[in-house]
Amino acid sequence: MKPETLAIHVPQKRRDGAIAPPIHLSTTFEHGPASERLFEYEYIRSANPNVNDLESRLARLERGCGAVVFSSGMAAGAALFNTLQPGSELLFHKDVYFDFKNLAQTLLPNSGLRARFIDLRDEDAVDRALSGKTALVCFETPSNPRLEIIDIKAISDKAHRVGAKILVDSTFATPALQNPLALGADYALHSLTKYVGGHSDVQGGAIVVADQPDMVEKLVAVRTLSGGVLSPFNAWMLARGLQTLHCRMEKHSANALQIAQMLSRHRHVEQVRYPFLETNPDLTIAKKQMSAGGGMLSFELAGGREAALRVASEVRLFINATSLGGVESLIEHRASMEGPGSSAPGGLLRLSIGLEHPDDLIEDLERALGKL
Ligand SMILES: *Cc1c(COP(=O)(O)O)cnc(C)c1O
């Protein structure tokens with residue numbers, strides 16, 4: 001079956017004929033007098049039918065041996081780092097989701113883990129940085145906020161040669177546009193809060209595991225003990241989101257490409273970063289590993305920080321807000337959002353392109369740019 005069909009049809013028996021699955025809110029399930037298991041479930045922190053349903057859907061779409069979902073994308077990442085031995089080294093691409101950088105610099109040292117940040121697109125730097133101590137190589141592709149593309153297969157081959165595992169944060173691409181595990185990665189991370197939820201109203205995260213069933217068990221154990229559990233209602237919402245993901249990503253991508261093309265021709269715009277833009281230096285790799293460019297893009301204004309803030313304050317349809325992946329288009333001055341430690345250029349604006357008609361979005365941006 002094709003992924004679009006897999007996202008909708010689940011090999012599961014409908015007990016009462018209902019087409020939409022029920023939400024199981026019960027926190028506990030009956031057992032025998034000496035705690036004998038009578039049913040499949042016991043206590044909500046360990047497992048829940050809606051959580052397990054979402055996990056099997058994600059594992060099938062990402063072609064993994066299993067998936068483990070968490071209360072947020074950060075909880076998912078933190079759980080994976082929690083499985084590493086003290087003394088291990090993590091290698092991150094330098095353009096990384098801001099809070100993963102914060103986590104790596106402030107909390108991971110307490111667990112005896114060391115993180116380094118390099119440009120994973122620089123082959124020599126990768127060769128120099130990888131060693132027997134490297135436990136995990138972590139990167140987003142496309143990255144945030146620069147939309148850089150990392151060659152998943154090339155990095156996986158190199159990292160595997162020294163015995164390291166690869167974690168790809170595929171939040172921007174989603175399982176609809178990119179399958180990191182099929183390209184050699186060991187784990188795919190998703191902030192389900194973004195495109196999988198798709199309507200800016202539910203939080204969740206996932207790690208999908210390529211082919212280590214023991215890691216699935218370990219991650220479930222970490223979740224049970226640290227408590228970053230997804231609620232049944234959120235799991236239900238996210239499973240519903242997955243069913244329309246392919247169709248939404250097609251439209252997000254088509255809209256974003258049109259806007260990237262308009263911006264790249266604009267006299268006030270210095271650089272547009274969008275995976276499938278014809279002038280993107282990473283275009284070849286992007287096309288090799290993604291089926292469309294997705295809904296995220298960023299651009300830099302020739303007028304720097306001041307011009308960026310002016311455009312952000314002049315837009316009417318785009319909403320100034322963080323996060324991404326919803327039906328409504330958002331604009332964000334990343335450097336302001338990330339604060340003093342940010343490495344985002346002052347003139348950079350990040351756009352999450354929604355599902356509105358592209359003409360309206362283009363008109364809004366052209367009018368705001370016209371004020372410069
Ligand atoms: C939002 C995001 C995260 C964190 O996810 P939460 O659900 O907010 O915890 C991680 N990686 C990327 C790329 C994100 O956009």
Side-chain angles (χ1 to χ4, degrees), residues 51 54 58 62 67-82 90 92-108 115 117 120 136 138-150 152 166-178 180 185 187-208 223 226-231 234-235 237-238 241-242 245 249 252 256 273 275 290 293-298 321-326 330-332 334 337-338 342-344 348 350-354:
V51 164
L54 175 62
L58 279 166
E62 277 292 31
V68 186
V69 297
F70 297 85
S71 53
S72 68
M74 289 306 298
L80 184 64
F81 302 148
N82 221 321
L90 292 94
F92 282 91
H93 179 56
K94 62 182 177 47
D95 192 40
V96 57
Y97 182 68
F98 195 60
D99 273 341
F100 275 129
K101 190 172 204 175
N102 278 342
L103 172 70
Q105 289 175 336
T106 60
L107 293 187
L108 294 189
F117 298 84
L120 287 180
L136 195 64
C138 310
F139 57 92
E140 286 155 41
T141 184
S143 74
N144 182 29
R146 288 180 176 76
L147 280 294
E148 289 165 356
I149 304 290
I150 312 290
I152 299 172
I166 293 89
L167 167 68
V168 176
D169 182 339
S170 200
T171 297
F172 279 19
T174 81
L177 305 185
Q178 172 174 280
Y187 313 107
L189 182 147
H190 292 286
S191 168
L192 306 171
T193 316
K194 315 295 168 55
Y195 288 106
V196 173
H199 297 74
S200 309
D201 55 8
V202 55
Q203 183 154 50
I207 302 279
V208 192
R223 180 180 65 189
S226 58
V229 181
L230 190 66
S231 79
N234 284 10
M237 293 272 276
L238 292 165
L242 272 181
L245 181 67
M249 290 314 291
H252 282 298
R273 305 159 188 270
M290 298 172 78
M296 294 302 295
L297 68 91
S298 61
T322 197
S323 197
L324 56 120
L330 304 179
I331 189 166
E332 184 172 49
R334 230 15 230 177
M337 175 64 192
E338 294 181 359
S342 173
S343 63
L348 181 143
R350 190 183 81 173
L351 303 180
S352 169
I353 303 299

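These figures come from a predicted structure and were not determined experimentally. All ligand and atom numbering here is 1-based and tracks the order in the structure.
Taking each of V96, L189, T193 in turn, the one with a heavy atom nearest to atom 7 (O) of ligand 1 proves to be T193. In this structure, of M74, M296, Q203, the residue bringing a heavy atom nearest to atom 8 (O) of ligand 1 is Q203. Proximity annotation for atom 13 (C) of ligand 1: of D169, L192, V202, T141, D169 comes nearest, heavy atoms only.
The distance criterion of under 3.5 Å between nitrogen or oxygen atoms is not met by N144 with respect to ligand 1. For E140, no nitrogen or oxygen atom sits less than 3.5 Å from a nitrogen or oxygen atom of ligand 1, counting backbone and side chain alike.
With ligand atoms numbered from 1 in the order given, ligand 1 contributes 7 (O), 9 (O) to contacts under 4.0 Å with heavy atoms of S72. Atoms of ligand 1 lying under 4.0 Å from at least one heavy atom of L324, given by number and element, are 15 (O).
The closest protein non-hydrogen atom to atom 5 (O) of ligand 1 is S191 OG, 2.9 Å. The nearest heavy-atom contact from the protein to atom 4 (C) of ligand 1 is Y97 CE2, 3.5 Å. Of all protein heavy atoms, the one closest to atom 15 (O) of ligand 1 is K194 NZ, 2.8 Å. Nearest protein neighbour of atom 6 (P) of ligand 1, counting heavy atoms only, is G73 N, 3.4 Å.
Looking only at distances, no side-chain donor or acceptor of S191 sits under 3.5 Å from a matching main-chain atom of G73.
Side-chain contact between T171 and Y97: absent, with no pair of heavy atoms (C-beta onward) separated by less than 4.5 Å. Within the 4.5 Å cutoff, the side chain of R334 has heavy atoms near those of the N144 side chain.
With sequence neighbours left out, the side-chain hydrogen bond (donor to acceptor under 3.5 Å, both in side chains) criterion links S143 to D95.
In this structure, F92 and F117 have parallel ring planes: the angle between them is below the 30° cut-off, well short of the 60° mark.
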Handout entry: Residues Y187, V208; criterion side-chain contact (heavy atoms from CB on, under 4.5 Å); working and verdict
Key = CA-CA 6 Å; Y187 313 107; V208 192; over 6 Å; no
Exercise for the section: Evaluate side-chain contact (heavy atoms from CB on, under 4.5 Å) for L189 paired with L80, printing each intermediate quantity in order. Expected result: CA-CA 10 Å; L189 182 147; L80 184 64; over 6 Å; no
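Remark: of the listed residues V51, L58, L230, V69, L230 is the sole one forming a side chain to side chain contact (heavy atoms under 4.5 Å, CB included) with L238.
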